[in-house]
Amino acid sequence: MDIHVGSIPFKIKEAELKILFEQFGAVDSVKIIIDKITRQNKGFAFVSMPDDKEAYLAIDALNGTELKERKITVTRAGSRPNKKL
DNA sequence: TATGAGCGG
């Protein structure tokens, strides 16, 4: 499952995000989105996890937590989280 | 080149 991670620090690395998500389950890959104009960190990344239940677990666990002194948001990618389930 | 909500190759 693809997970959208926002409000991440610009100085973070994909390996660090992978480690954070690996604490709650297996992580397939982590990708930080880079801006096309500035070639810099856009401020959000995507995490791919093979197991969906572990993905939801990591989302619920890492969503709203602090990372590098910065608040991060973890949600399902591909489709924005709906307020009504 | 650039910065802080948003969904990428």
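Residue numbers begin at 1 in each chain, while the letters A, B, ... track the order of the sequences.
Between A:I72 atom CD1 and B:dA5 atom C1' the separation is 15 Å, expressed in whole Å. Rounded to whole Å, atom C1' of B:dG4 lies 15 Å from atom NZ of A:K71. Taking atom CG on A:N63 and atom P on B:dG6, their separation rounds to 14 Å, with Å as the unit. As rounded to whole Å, 15 Å separates atom C1' of B:dG4 from atom CD1 of A:I33. Rounded to a whole Å, the CD atom of A:E14 is 13 Å from the C1' atom of B:dG9. A straight line from CG of A:N41 to C1' of B:dG8 spans 12 Å, rounded to a whole angstrom.
Applying the salt bridge (Lys or Arg N to Asp or Glu O under 4.0 Å) test to residues at least two apart or on different chains, none of the pairs has a partner in residues 22-33 of chain A.
Contact record, A:G6 with A:F44: CA-CB, 3.7 Å, taken as the closest heavy-atom pair.
A:D35 comes within 4.0 angstrom of no nucleic acid atom, judged by non-hydrogen atoms across all strands. Counting non-hydrogen atoms under 4.0 angstrom, A:I8 reaches a base of the nucleic acid.
Ring-base stacking between A:F46 and B:dG8 is satisfied, the centre separation being under 5.5 Å and the plane angle under 30°.
Side-chain N or O atoms of A:E14 include one that pairs as donor or acceptor with a backbone N or O of A:I32 at under 3.5 Å. Side-chain N or O atoms of A:K68 include none that pairs as donor or acceptor with a backbone N or O of A:I12 at under 3.5 Å.
Remark: the A:K31 side chain and the B:dG9 base include a donor-acceptor N/O pair separated by less than 3.5 Å.
Each of A:D2 and A:Q40 lies near DNA chain B, and the nucleotide nearest A:Q40 is the one positioned closer to the 5' end.
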